[in-house]
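Below: the structure, in structure tokens.
What's counted below: heavy atoms across the whole structure, side chains too, no hydrogens, waters or symmetry copies. Ligands are counted one by one from 1 in listed order, and the atoms in each one are counted from 1 as well.
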Amino acid sequence: MNKKLVIITGASSGFGEALAKEFSKSGYPLLLVAGRLDKMLRLNLPNTLCKKVDVTNREEFENAVREAESIYGKADLIINNAGIMLLGDFAIQDPEEWKRMLDVNVIGVMHGIQLVMTDMKERQSGTIINISSMAGVMPFGDHAAYCASKYGVRGLTQTARMELSPYNVRVITVEPGAVSTELLGHTSNSTIKDNYNRWRETVGAINITADDFVRTIKFVYELPQSVLIREFIISDTKQDV
Ligand code: NDP
């Protein structure tokens, strides 16, 4: 049976790039979206449309989804993975950083869901996977706005699940712990970055990789449509919070 279209947002680095390689290896046609088109094109994956898309821009995002669907058929899976982490001291962080983070991490995910949900409902099939974080389950220092965004993803996913379950559409939240990617690089406050890296040293070597993480996502997706792992936390064994 031919594999169906998989959409991955934030595919130019980290989890998204690893997801793209893993799903491509198994023969899925892909739509990859992110800001850095060159990085996605360099992956050189077969049956893959790469588009420069800002997920906060609904029109741009929708055009990419419709173009991919006209080539590969309707999307069976979207992984709303694109996100930024701008850690900050609540008392002094620029509110523009809060707004940017909420826009990308929450509204970007909502755009992704809205762009596929009507078709999935009609077909009574499909899967939506939203990447939240352990910071969407528990608080961390200097994470106020990031936590707000990731608790938000968890909340909106639970609502989407209630609305889509009657239509046999699976909606899943994933809450990863710390994994080395480019994510910390977005934070502008160097003291907070140093503290984060010191915390990681106290935890010990964090050996879990983006590849470990993506294998679990593929496993969850490839279960029968009637089986729903609603959410899961995945972290390095040594991460003690
Ligand atoms: P990276 O920084 O490596 O990747 C983030 C991806 O998101 C990049 O491809 C980036 O592409 C894309 N992106 C950012 N803003 C936008 C935008 N407006 N429109 C489209 N794409 C965008 O980080 P990770 O791989 O670690 O993060 C992936 C997800 O996992 C995020 O949602 C993050 O919050 C979450 N997460 C990560 C954890 C970790 O420890 N690594 C832990 C818990 C959750 P580009 O810059 O090219 O636009």
Side-chain angles (χ1 to χ4, degrees), residues 7-22 30-43 50-65 78-87 97 99-112 115 129-140 143 145-154 156-157 172-188 193 196-197 199-200 203 206-214 216-217 231-236 238-239 241:
I7 301 172
I8 301 169
T9 72
S12 61
S13 65
F15 292 165
E17 179 183 330
L19 283 162
K21 289 180 186 158
E22 182 71 16
L30 302 176
L31 167 62
L32 305 182
V33 305
R36 289 166 295 172
L37 182 61
D38 54 325
K39 290 206 70 185
M40 295 183 289
L41 290 172
R42 245 181 278 142
L43 298 176
C50 302
K51 286 294 200 186
K52 177 174 161 50
V53 165
D54 178 344
V55 292
T56 69
N57 182 330
R58 190 171 183 304
E59 195 184 342
E60 205 171 90
F61 197 173
E62 176 157 29
N63 289 341
V65 170
I78 184 165
I79 307 174
N80 289 303
N81 162 77
I84 52 174
M85 181 174 77
L86 310 169
L87 302 183
E97 290 198 347
K99 286 184 193 153
R100 211 173 114 219
M101 203 159 22
L102 287 161
D103 209 14
V104 176
N105 294 4
V106 177
I107 303 297
V109 169
M110 295 181 81
H111 284 157
L115 290 174
I129 301 182
N130 299 329
I131 309 301
S132 173
S133 168
M134 278 180 73
V137 184
M138 63 184 73
F140 292 88
H143 279 57
Y146 186 68
C147 277
S149 74
K150 293 301 185 176
Y151 273 76
V153 170
R154 197 156 161 250
L156 72 88
T157 308
I172 296 165
T173 328
V174 186
E175 292 121 7
V179 181
S180 290
T181 63
E182 295 179 14
L183 192 67
L184 185 62
H186 307 134
T187 292
S188 54
K193 273 198 221 178
Y196 188 92
N197 286 325
W199 166 75
R200 289 185 55 139
V203 172
I206 291 201
N207 293 319
I208 190 169
T209 64
D211 290 337
D212 299 319
F213 166 76
V214 305
T216 64
I217 302 239
E231 64 181 295
F232 61 95
I233 296 176
I234 173 167
S235 75
D236 193 280
K238 284 190 173 174
Q239 184 170 342
V241 286

Looking at ligand 1, is there an atom of it that comes within less than 4.0 Å of some heavy atom belonging to [X]?
| X | result |
| --- | --- |
| Val179 | yes |
| His186 | yes |
| Gly108 | no |
| Gly185 | no |

So which heavy atom in the protein is nearest [atom], and how far is it from that ligand atom?
| atom | result |
| --- | --- |
| atom 10 (C) of ligand 1 | Ser12 OG, 3.8 Å |
| atom 42 (C) of ligand 1 | Gly177 O, 3.1 Å |
| atom 16 (C) of ligand 1 | Val104 CG1, 4.0 Å |
| atom 48 (O) of ligand 1 | Gly35 N, 2.8 Å |
| atom 29 (C) of ligand 1 | Asn81 O, 3.0 Å |
| atom 19 (N) of ligand 1 | Val55 N, 3.0 Å |
| atom 12 (C) of ligand 1 | Gly10 CA, 3.5 Å |
| atom 20 (C) of ligand 1 | Val53 O, 3.2 Å |

Proximal ligand 1 atoms for [X], defined as those under 4.0 Å from one of its heavy atoms:
| X | value |
| --- | --- |
| Ala178 | 40 (O) |
| Gly83 | 5 (C), 7 (O), 14 (C), 31 (C), 32 (O) |
| Ile131 | 30 (O), 35 (C) |

Heavy-atom pairs closer than 4.0 Å: do any link ligand 1 to the side chain of [X], the backbone, both, or neither?
| X | result |
| --- | --- |
| Ser132 | backbone |
| Ala135 | neither |
| Phe61 | neither |
| Glu175 | neither |

Winner among [options] once heavy atoms are compared against [atom]:
| atom | options | answer |
| --- | --- | --- |
| atom 33 (C) of ligand 1 | Phe15, Phe213, Tyr146 | Tyr146 |
| atom 8 (C) of ligand 1 | Ala11, Ser13, Ser133 | Ser13 |
| atom 21 (N) of ligand 1 | Ala82, Gly14, Ala18, Ala20 | Ala82 |

For [Y], is there any backbone N or O sitting under 3.5 Å from a side-chain donor or acceptor partner on [X]?
| X | Y | value |
| --- | --- | --- |
| His111 | Gly108 | no |
| Ser132 | Thr173 | no |
| Ser133 | Glu175 | no |
| Asp212 | Thr209 | yes |
| Asn105 | Ile84 | yes |
| Asn81 | Gly10 | yes |
| Gln239 | Ala178 | yes |
| Tyr151 | Ala135 | no |

Working to the nearest 0.5 angstrom, can you tell me the gap between [X] [atom1] and [Y] [atom2]?
| X | Y | atom1 | atom2 | result |
| --- | --- | --- | --- | --- |
| Ile7 | Lys51 | CD1 | NZ | 13.5 Å |
| Phe15 | Ile79 | CZ | CD1 | 12.0 Å |
| His143 | Lys150 | NE2 | NZ | 11.0 Å |
| Thr187 | Tyr196 | OG1 | OH | 9.0 Å |
| Asn63 | Asn57 | CG | CG | 8.5 Å |

Using distance alone, determine whether [X] and ligand 1 share an N or O pair under 3.5 Å.
| X | answer |
| --- | --- |
| Thr56 | no |
| Val33 | no |
| Arg36 | yes |
| Asp54 | yes |
| Met134 | no |

(request) Could you tell me whether the side chain of Val109 reaches within less than 4.5 Å of the side chain of Thr9, counting heavy atoms only? (result)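 Side chain of Thr9 against side chain of Val109, heavy atoms only: no contact under 4.5 Å found.
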(request) Show the numbers, then the answer: is there a side-chain contact (heavy atoms from CB on, under 4.5 Å) between Ile131 and Phe213? (result) CA-CA 11 Å; Ile131 309 301; Phe213 166 76; 4.0 Å; yes
(request) Say whether Asn207 and Asp236, considering side chains only, have a donor N or O and an acceptor N or O under 3.5 Å apart. (result)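 Short answer, no.
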